[in-house]
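Bear in mind the structure is a predicted one, so any value in this text is a computation, not a measurement.
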Amino acid sequence: MGLIDYKKIAPGLYWVSVPSRKVFLQAGCPADSVKHLIKHGVIRNQANNAMLHETGPNCLLLSDLGIQNGQFANLAEFTMLQMFYRQGMLIPNHPGFSKDKPIMIGNPEQIGAQLDYVFRGNYGLIDENELVEAGMSREQAAEMMRLKLKFAFGRIQATHDLIDCRHLGDDPMNINGVLIRRTGINKFRISVEQDSVDVDLNLAPHEAYQPTYKLNFQRFAPEFFSVIHSGEGDGWDIHRPAMASIICYGPDVYLIDAGPHITHTLRALGLSLNSIRGIFQTHGHDDHFAGLTELMLGDRKLEYYSTSVVRHSVNKKMQALLSVKFPVLERFFTIHDLVPEQWNNIDGLEVQPSYSPHPVETNTFQFRTVTENGHRTYHHLADICSFSVLQRMIEPDQQKPGITMQYFQRIKDLYLQPADLKKIDIGGGMIHGHAEDFQGDRSKKIILAHTADELTPSQLSIGTRALFGQIDHLVKSHIDNRHEVAARSLHHYFPTVPFSSFYELLNQPIESLEPGSALVRQAGHAQDIFLVLSGIVAAPKSEVPFGLEYVAGYLVGDDPDCPLHQLISKSFAEILRIPRRIFDSFLERYNLKESFSKNISRRRMLQNSDLFQSIKWSPLLNKIAKSVYEIQIKDQQVISHFTGHFVFILETGRLSLFREGYAEELKPGQFCYEDNVITDHAPLELQLKALENSRGYLIPHVVLKDIPAVEWKLLETYKRRSQAIQKSPILHKNAS
């Protein structure tokens, strides 16, 4: 038996342990990596001196790349929390206590980003000045800092004081006789004596980080005002998504928080980014925050609702992860700052955020809408604090960390306000709630969430647990919102056509599809146009190129080369089937036929490229196709730079993208010169050389800048290339 225990846990995540040298290495740190280690038995409970605590890693090897395939590759917050507290490495007199700090290994940029991100995850905004800049009064900021310091045991502590950070360069690193050597970008060899293993943290094209759970498909059927329960677990629960909800109001759908793998959750419900209007953010801990990047992968900006203070806190954490200075949320979302402690109107849906005690800035949310019998209400209380913990924080001396009796009573009154439906965090401990605090709550229905444990009889006397996809209807609908959704989608396709002119298209049957059903069930429908209202329809990957997938808001069949006969539903889905004759008559009446069908070849080229592969919305692709400039590059021709803010996409041929000591081959569908349009970053100073006669297109940044998925892809590619350029020549050949 060898000295090394090695196991691939999940995409981008490995376990490498050398028990004889007391080295237990987690290689890779995507979202929910701790959950994966629990699921695979790497992290498990053990008893020592009659105290139960967990095993787990004592070393963490970071990805060289902070982003892979649109997802964060390094999210060390929960890994560090598991080492600090659940293993007990930093708790004196704990059986897992060690004078040795957890070891974090990686390149300097990623270690710096992780230290700052974990710091912000622990504390949020860190002083009164930052709180005032975020919109608080001096009095509020002073009260908030007293609370924060109480949670922080009296002081804000730098993360590097808690973690042993080791920069891995080109030379091997020695940890207790275990050698770690980088062999390429994101590739490592770990050896001890004669034994060695290789670890590759690169994701394959189109590969994604995975959750630990599978979700059954649910039919999406809300009423006028409904709450869908989309997450009831916590950051350690391997069976359920973390605490979250989905608010449906009229035709609009809103998320409350975006935990890891939010797209996985949406797909199970038959939803896509096009189905979502916006997100309400409670706070910035990873189990409520890590899915934000997935919400940036759409073709339009989602709306972001929170208080200014929480937004600033979340933005600081996002900037840390990306090592950028620009305001990330403002770049990728449409911002709506809500006024705390007041009712804010969002097209009839009223929401009141209130500050709630937590180590980082946190909101509770109350939602309501008026009916003939008064208001119907939903209260969402994520990451609250138990009354017993708050009572112990009461400190009359204003110069010491703590809270006042008046503050305690205000929070208690806030939590116990009755609602028609209330979801509460009962995670316990120092920073979560207790179900017993709500024993006398007069709410009509209470959902107990944010726990991985089974509910006790005592807790079940107070509330209940919701199943994934369970819906609570608060106000019944007397209109069919599906036609409103269809009308909005058609207006996006045909913005010059008034709403009243869509009636002939809308007056068609809405058909429901079970998961696995064929889109076209009758040969006579093969020429029709289909508007997806909910769910996902796609072609099997084995039959067509990856990515032929259509979600809510997309027309299917407008491209004559679309293989309608191959498309099947990937979830419960609803579609509006528009007969071809009616659709063609509509196009002719409004002189749209030529503009609708032109540029199909360029549109298809864009859709199949790396930059636009997530976008299937043909009006947007048509707009971009009209704006491109064709470039012919002869064999061996060298282009030093394109003047202006353009991105270049190669359509045919082969190009070398190079500078001194670095080269990668550009293939059809790939792009470059993203540094022309990425702000606050140094230019990469790359040149192009044609390896054969080639053709490509310059795309002005002005047509790309408000497409979140494209902006995110540009940033990810810049980060990858800049990281590869910094490495030694032996690594450059692996950069592409």
**Asked** So, Gln114 side chain and Ala76 main chain: donor-acceptor pair closer than 3.5 Å or not?
**Response** yes
Hits for side chain to side chain contact (heavy atoms under 4.5 Å, CB included) against Leu684, two or more places apart or cross-chain, chain-then-number order -> Glu674, Asp675, Leu686, Tyr718, Arg721, Ser722, Ile725
When you measure from the side chain of Glu294 to the backbone N and O of His261, does any donor-acceptor pair fall under 3.5 Å?
-> yes
Hits for ring-ring contact (aromatic ring centres under 6.0 Å, His included) against Tyr673, two or more places apart or cross-chain, chain-then-number order -> His641, Phe642
Side chains of Ile707 and Ile615 in contact at under 4.5 Å (non-hydrogen atoms): yes
| message | Less than 6.0 angstrom separating the ring centers of Phe280 and Tyr254, yes or no? | response | yes
Notebook entry, point to check: Side-chain contact, heavy-atom cut-off 4.5 Å: Leu65 with Ile185?
Noted result: yes
Note to self: Less than 4.0 angstrom from a charged side-chain N to a carboxylate O is my criterion; do Glu716 and Arg720 meet it?
What the structure shows: no
Check whether any side-chain heavy atom of Gln210 sits under 4.5 Å from a side-chain heavy atom of Pro11, and report yes or no.
-> yes
query = Is it true that atom NE2 of His645 has more than 12 heavy atoms of other residues, nucleotides or ligands lying nearer than 6.0 Å?
reply = no
_Between Trp712 and Thr293 (side chain of the first, backbone of the second, donor and acceptor by atom type, cut-off under 3.5 Å), is there such a pair?_
no
Tightest non-hydrogen contact, residues Ile536 and Ala573, listed as N-CB, 4.3 Å
Output for pair (His312 NE2, Leu329 CG), nearest 0.5 Å, gives 10.0 Å
Item to check | Electrostatic pair Asp286:Lys317 at N-O distance under 4.0 angstrom | outcome: yes
**Item:** Parallel, tilted or perpendicular: ring planes of Phe586 versus Tyr590, cut at 30 and 60 degrees
**Value:** tilted
Inset, instruction - Look at the side chain of Asn345 and the backbone N and O of Glu350, then say whether any donor-acceptor pair between them is shorter than 3.5 Å. - result: no
Could you go through the salt bridge (charged side-chain N to carboxylate O under 4.0 Å, His left out) check for Asp252 and Arg488 one step at a time? CA-CA 11 Å; Asp252 295 321; Arg488 290 182 181 184; 2.6 Å; yes
Step by step, work out the side chain to side chain contact (heavy atoms under 4.5 Å, CB included) result for Asp299 and Asn274.
-> CA-CA 8 Å; Asp299 48 38; Asn274 277 28; 3.6 Å; yes
Q) Looking only at atom types and distance, does a side-chain atom of Ser585 sit under 3.5 Å from a main-chain N or O of Ile582, one as donor and one as acceptor? A) no
Tell me whether His491 contacts the main-chain N or O of Ala487 through its side chain, where contact means a donor paired with an acceptor under 3.5 Å. no
*asked:* side chain to side chain contact (heavy atoms under 4.5 Å, CB included), that's the test. Do Leu490 and Leu506 meet it? Break it down for me.
replied: CA-CA 9 Å; Leu490 291 170; Leu506 296 172; 3.8 Å; yes
In this structure, CG of Leu688 is separated from OG of Ser656 (nearest 0.5 Å) by 8.0 Å
- [ ] Take Glu130 and Arg120, measure what salt bridge (charged side-chain N to carboxylate O under 4.0 Å, His left out) needs, and give me the verdict at the end.
- [x] CA-CA 12 Å; Glu130 285 194 347; Arg120 291 296 180 176; 2.9 Å; yes
### Query
Going by atom types alone, do Asn74 and Ser63 pair a side-chain donor with an acceptor below 3.5 Å?
no
Residues passing the side chain to side chain contact (heavy atoms under 4.5 Å, CB included) test with Arg695, sequence neighbours excluded, are Glu630, Gln632, Glu651, Thr652, Tyr697
Here the gap from Leu650 atom CG to Glu665 atom CD, rounded to the nearest 0.5 Å, amounts to 9.5 Å
Inset, instruction - Report the C-alpha distance between Leu321 and Phe289 in whole Å, list the side-chain angles of each, state the deciding distance to 0.1 Å, and finish with yes or no for side chain to side chain contact (heavy atoms under 4.5 Å, CB included). - result: CA-CA 12 Å; Leu321 274 169; Phe289 154 96; 3.8 Å; yes
Nearest heavy-atom contact between Ile631 and Phe648 is CB-CE1, 4.2 Å
For Asn69 and Ala204, the nearest pair of non-hydrogen atoms, with its separation, is ND2-O, 3.0 Å
Quiz item: Looking only at atom types and distance, does a side-chain atom of Ser308 sit under 3.5 Å from a main-chain N or O of Ala134, one as donor and one as acceptor?
Solution: yes
In this structure, CD1 of Ile111 is separated from CG of Asp116 (nearest 0.5 Å) by 13.5 Å
Closest non-hydrogen atoms of Pro340 and Thr307, given as atom of the first, atom of the second and distance, are CB-CG2, 4.0 Å
Distance col, row Ile256:CD1 vs Ile247:CD1, nearest 0.5 angstrom, shows 4.0 Å
Looking only at side-chain N and O atoms, does Tyr305 offer a donor or acceptor that is under 3.5 Å from a partner on Asn363? no
Heavy atoms of His206 and Gln613 approach each other most closely as CE1-OE1, 3.0 Å
Check this for me: Tyr629, atom OH, are more than 12 non-hydrogen atoms of other residues, nucleotides or ligands nearer than 6.0 Å?
no
### Query
Are the side chains of Leu338 and Phe365 in touch, meaning some heavy atoms are under 4.5 Å apart?
yes
I'd like to check Asp257 versus Gln281 (side-chain heavy atoms, cut-off strictly below 4.5 Å). Are they in contact?
yes
request  = Look at the side chain of Asn344 and the backbone N and O of Val339, then say whether any donor-acceptor pair between them is shorter than 3.5 Å.
outcome  = yes
Can a donor-acceptor pair be found, under 3.5 Å and without considering hydrogens, that links the side chain of Gln687 to the backbone of Phe658?
no
Quiz item: Going by heavy atoms in the side chains, are Arg654 and Lys667 under 4.5 Å from each other?
Solution: no
request  = May I ask you to decide whether Arg267 forms a salt bridge with Glu549, counting only side-chain N to carboxylate O separations under 4.0 Å?
outcome  = yes
When Asn202, Leu62, Leu203 are each screened for side-chain contact (heavy atoms from CB on, under 4.5 Å) with Asn186, the one that passes is Asn202
Item checked: Any side-chain heavy-atom pair of Cys248 and Phe220 under 4.5 Å -> yes
Would you find a donor on one side and an acceptor on the other, under 3.5 Å apart, between the side chain of Asn676 and the backbone of Val647?
no
**Message:** I'd like to check Met605 versus Val628 (side-chain heavy atoms, cut-off strictly below 4.5 Å). Are they in contact?
**Reply:** no
| query | Is the shortest distance from a Lys or Arg side-chain nitrogen in Arg311 or Glu361 to a carboxylate oxygen in the other one below 4.0 Å? | reply | no
On a heavy-atom basis, the closest approach of Ser627 and Val703 is OG-CG1, 3.6 Å
Separation between CZ (Phe583) and CZ (Phe530), nearest 0.5 Å, reads 12.0 Å
**Q.** Leu505 and Ile529: CA distance, side-chain angles, deciding distance, side chain to side chain contact (heavy atoms under 4.5 Å, CB included) verdict
**A.** CA-CA 10 Å; Leu505 302 182; Ile529 301 293; over 6 Å; no
